[in-house]
Amino acid sequence: MTDTPVSISLKTTGCRVNQADSEAIVEGLADLPVHWVAPSAPAHISVVNACTVTGPAERDGRNSVYRALRSGKGPVFLTGCMAVRLSSQDVADPFEQRVRVVSGDALVKALREAVLEIARDDGSTIGGPDVAGPGEPLEGTSACSGTHKPVSSRPIRSRPIVKVQDGCDGRCSYCIVPLVRGPSRSVPPDRIADEVGEHAAKGAWEVVLAGVDLASWGRGGDQRLPDLLNRLLGMKTGVRFRLSSIEPEGLDERLLGLIGESSDICPHLHVPMQSGSDRVLTAMERPYGARDFERMVDRAHAMIDGLSMGLDVICGFPAEDDREFERTHAFLRSLPFTYLHVFPYSPRPGTRAFESGDPVPHHVKRQRCSILRELSNKRRTARVASRVGTRAEVVDIRTRDGVGVESIAEDYTKVLRRGADSLIAGRILVDITGAEGQTAIANGD
């Protein structure tokens, strides 16, 4: 077998769980002569880990596959939730023969076989200079750095993602996730602790704990999410922890109290609200009403000083007419949230809501989304402005040539350390001296 590395591009779309799955793909090939390149670079092998939670998300996945087909001559592997949907729902494969739709644990085995076959037969390297560095953002595209030797088991990242849970037992009428991710499953705590320790040893400064239904970790056993957090805090690694998206019914007083008490857990929550209308929430089969959600938000802010809260909202669900949308808009204006992730409703085959069709016109959905995004922009801008004159604990993410270093504060505020030219290891304290829109400004030193 030749010593020339096999180049692989890796494109990830979707949630943080997908991003964690992509890191597992990298780890699964760590002992092979693999050279990871940016998604746009020519490569011996291309991998697309694609989301299918909405129609637009699946369209992004398809476009990523088509770009990979154009950029290289080798096989393209489609994996992730989109691959599961194509396989399990008997959807006709829309791609050409070069695309291999492989889901789950079978992917790493298939990739290993492809790498070994290419390494035996091909002595050339394509895509060598276009390497994706470890400072690239975790959101969206995921590509990992490589060398001309087998890569390390994990890329070095200042904010790695650790998947602690997968799947969902919920049955929201609009959601395809339980169909493609399966039932809720918790990663054993020993494995999570080992992974956190490994990241800390490699220089991680913040660990994001991710799950499809994060609050269900440990459900059915004698430990729950606060117990896991206490164990991780007890390791004294020096990293801080951030929770990814978490369902509102999981935010009980024990969890909120732990977040409020610990300086090693970020005061930041991202919660799927979806609607502020009781009628729409009932049609969505969400397990709470608007007043229940309001009480949860109030309790969270009372128990966590400086809490930043993001909310998911869906616009244009079949039960949402103009009056129900205005209920959601008014409800949101009454809540102390920091930012919104706003999505137009996308009917997904196999869900109960799919049977109701898609009665809200696309232009109406777009208008409603625009209204809520404007509200979100105002709230996020106000949050950043409120931080001027305060001190923030930040983790450096990436350099911006000629500008400074981009960092993330404990409350998820983006901070630009203007004039800085290199990343600083660890959790550092900076004084926020100004604000530019949705970015806080701090001195570089």
Side-chain angles (χ1 to χ4, degrees), residues 14-21 24 51-54 57-58 79-85 87-89 103-105 161-192 208-229 243-256 269-275 278 280-290 292-293 295-296 300 311-314 317 319 341 343 345-356:
C15 67
R16 291 186 182 274
V17 176
N18 266 20
Q19 295 164 23
D21 289 342
C51 176
T52 192
V53 72
T54 65
E58 187 161 303
T79 191
C81 293
M82 181 176 171
V84 176
R85 193 182 85 80
S87 302
S88 64
Q89 296 190 350
S103 58
D105 295 336
I161 302 170
V162 172
K163 184 171 75 171
V164 304
Q165 184 275 338
D166 204 345
C168 183
D169 294 332
R171 288 296 181 265
C172 300
S173 65
Y174 57 86
C175 188
I176 197 174
V177 170
L179 300 178
V180 295
R181 284 281 182 179
S184 178
R185 307 174 303 282
S186 299
V187 177
D190 287 349
R191 191 189 310 171
I192 297 169
V208 181
L209 301 179
V212 173
D213 181 9
L214 184 60
S216 72
W217 186 89
R219 186 175 292 162
D222 58 358
Q223 291 188 320
R224 298 305 305 273
L225 186 58
D227 300 299
L228 174 63
L229 284 167
L243 301 183
S244 69
S245 179
I246 184 166
E247 292 291 328
E249 57 269 29
L251 293 171
D252 58 25
E253 290 194 1
R254 185 175 174 221
L255 178 59
L256 294 173
L269 296 171
H270 188 98
V271 188
M273 184 187 85
Q274 312 305 20
S275 177
D278 285 334
V280 175
L281 288 170
T282 298
M284 289 178 167
E285 300 184 42
R286 297 289 285 173
Y288 53 83
D292 300 320
F293 192 89
R295 283 191 288 271
M296 180 280 296
L311 305 176
D312 288 338
V313 186
I314 296 173
F317 190 76
H341 283 180
F343 309 89
Y345 170 69
S346 180
R348 309 307 292 140
T351 63
R352 289 182 296 281
F354 186 76
E355 301 170 2
S356 300

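Residue numbers count from 1 along this sequence.
- The distance from atom CG of L255 to atom CD1 of I246, rounded to the nearest 0.5 Å, is 5.0 Å.
- Not a single donor-acceptor pair under 3.5 Å links the side chain of D278 to the backbone N or O of G289.
- Considering L229, I192, L209 as possible partners of W217, the one that fulfils the side-chain contact (heavy atoms from CB on, under 4.5 Å) test is I192.
- Taking a cutoff of 4.0 Å between a charged side-chain nitrogen and a carboxylate oxygen, E249 and R286 do not qualify as a salt bridge.
- Residue V17 comes nearest to G211 through the heavy atom pair CG2-C, 3.5 Å, listed as atom of the first residue, atom of the second, then distance.
- L214 has its side chain within reach of S244: a pair of non-hydrogen atoms, C-beta onward, lies under 4.5 Å apart.
- Between Y288 and F293, the ring-plane angle classifies as tilted under the 30° and 60° cut-offs.
- Using a distance-only test at 3.5 Å, with no hydrogens or angles considered, no donor-acceptor pair links the side chain of R85 to the main chain of C51.
- If you take CE on M284 and OG1 on T351, they are separated by 11.5 Å, rounding to the nearest 0.5 Å.
- Remark: R295 engages D292 in a salt bridge, criterion side-chain N to carboxylate O under 4.0 Å.
- Using a 30° and 60° split on the angle between ring planes, H341 and H270 fall in the tilted class, from 30° to 60°.
- Residues Q274 and Y174 are in side-chain contact: their nearest non-hydrogen atoms beyond the backbone lie under 4.5 Å apart.
- Considering all non-hydrogen atoms of both residues, P248 and P272 come closest at CD-O, 3.6 Å.
- Residue Q19 holds its CD atom at 4.0 Å from CD1 of I161, rounded to the nearest 0.5 Å.
- Between L225 and A215 the shortest heavy-atom distance is CD2-CA, 4.4 Å.
- Residues V187 and V162 form no side-chain contact, since every pair of their non-hydrogen atoms from C-beta on lies 4.5 Å or further apart.
- Summarising the geometry, atom CZ belonging to R185 is positioned 7.0 Å from atom NZ belonging to K163; distances are rounded to the nearest 0.5 Å.
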| Stepwise side-chain contact (heavy atoms from CB on, under 4.5 Å) test for I314 and Y345 | CA-CA 6 Å; I314 296 173; Y345 170 69; 3.8 Å; yes
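- Among all heavy-atom pairs drawn from A290 and L281, the shortest one is N-CD1, 3.7 Å.
- Of the residues listed (V212, I176, D213, V84), the one engaging R181 in a side-chain contact (heavy atoms from CB on, under 4.5 Å) is V212, and it is the only one.
- At least one side-chain heavy atom of R219 sits under 4.5 Å from a side-chain heavy atom of R224.
- The backbone N or O of A283 lies less than 3.5 Å from a partner atom in the side chain of S173, making a donor-acceptor pair.
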| said: Under the criterion side chain to side chain donor-acceptor pair (under 3.5 Å), I'd like the reasoning laid out for T52 against R348: C-alpha separation, chi angles, the key distance, then a yes or no. | reply: CA-CA 9 Å; T52 192; R348 309 307 292 140; 3.2 Å; yes
